[in-house]
Amino acid sequence: MAHVVSPLDQPSNYKDSQTRVDRQRQNDLLSSSTTLYIGNLSFYTTEEQIYELFTKCASPEDGGGIKRIIMGLDRNTRTPCGFCFVEYYTHTEALASMRYVSGTKLDERIIRCDLDLGYKEGRQFGRGKSGGQVRDEHRQDYDPGRGGWVEERYADAQDGPGAVAGGGGDWKEAESTGNDSRLKRGRSPEDEGDNTRLGQRSRIEDEVDAERM
């Protein structure tokens, strides 16, 4: 029966496109890795919730435990965007999490765990062109745990490599002005036309009232 059931503590075939090591070297690193990549998290899941769940596979009595948790962030807004890294002190703890935690529910979402080559500065940011995760830019359904409708969240994303979303910059600039006029949009030619028509209507009504008097 051993060949029928796939082992739950084996890494997937995913290869980080930005990791410049060959497959054999990657497998060697994964064989001793203490870091997990956690995916499909809710945007609202906190670091405390993640710690509480993954500490169940920690072995502090053997010198282990959770070393650190790095929350994945939207590159532009610096808000959680659905993934994180959990780093243990031992490889055994990481394997235990893959076996017992991966595929379980956290915040009503089925989370996924995979061995990772190790966290490096900069990997905490989403790689999507709009700042978040690429997978969220391609989904078509409403997912409240991942930001709602994908069309609304990424509506202002530009095309092309390295493009970023324009959303979020306006209110930051507005806050820096320090006055209430930042809440008013600029006047358009259509507005001017509406005001002219309103002024003409007002004068006509005044003339009619004057005749009645």
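Values reported hereafter were calculated over all heavy atoms of this structure, with side chains retained and with hydrogens, waters and symmetry mates removed.
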Quick check for you: to the nearest 0.5 Å, what is the distance between [X] atom [atom1] and [Y] atom [atom2]?
{"X": "Thr79", "Y": "Tyr44", "atom1": "OG1", "atom2": "OH", "value": "9.5 Å"}
{"X": "Tyr37", "Y": "Cys113", "atom1": "OH", "atom2": "SG", "value": "11.0 Å"}
{"X": "Glu93", "Y": "Leu36", "atom1": "CD", "atom2": "CG", "value": "10.0 Å"}
{"X": "Arg75", "Y": "Thr77", "atom1": "CZ", "atom2": "OG1", "value": "10.5 Å"}

Here the pair of heavy atoms bringing Phe83 nearest to Cys81 is CE2-SG, 3.5 Å
Shortest non-hydrogen contact from Gln124 toward Glu121: NE2-OE2, 2.9 Å
Taking the side chain as C-beta and beyond, is there a heavy-atom pair between [X] and [Y] under 4.5 Å?
{"X": "Arg99", "Y": "Leu95", "result": "no"}
{"X": "Leu41", "Y": "Arg109", "result": "no"}
{"X": "Tyr88", "Y": "Ser97", "result": "yes"}

Ring pair (Phe, Tyr, Trp, His ring centres under 6.0 Å): which pairs involve residues 89-113, sequence neighbours left out? none
Side-chain donor-acceptor contact under 3.5 Å, Thr45 with Asp107: yes
Kindly say whether Ile110 contributes a backbone atom to a donor-acceptor pair with the side chain of Asn40 at under 3.5 angstrom? yes
Please check: side-chain N/O of Arg123 versus main-chain N/O of Phe85, any donor-acceptor pairing under 3.5 Å? no
Under 3.5 Å, which donor-acceptor pairs do the side chains of residues 53-73 form with other protein atoms, sequence neighbours left out?
{"unit_1": "Arg68", "atom_1": "NE", "unit_2": "Glu87", "atom_2": "OE1", "d": "2.7"}
{"unit_1": "Arg68", "atom_1": "NH2", "unit_2": "Glu87", "atom_2": "OE1", "d": "3.3"}

So salt bridge (charged side-chain N to carboxylate O under 4.0 Å, His left out) across residues 34-55, not counting sequence neighbours, yields none
Is there a side chain to side chain donor-acceptor pair (under 3.5 Å) between Gln26 and Asp22? Walk through the geometry before answering. CA-CA 6 Å; Gln26 179 175 332; Asp22 58 31; over 6 Å; no
So with a 6.0 Å cut-off around CZ of Arg78, is the heavy-atom count from everything else above 12? yes
Partner of Thr35 under side chain to side chain contact (heavy atoms under 4.5 Å, CB included), chosen from Leu117, Leu115, Asp116: Asp116
Are Leu29 and Met98 connected in a single hydrophobic cluster, I mean Ile/Leu/Val/Met/Phe/Trp/Tyr linked by side-chain heavy atoms less than 4.5 Å apart? yes
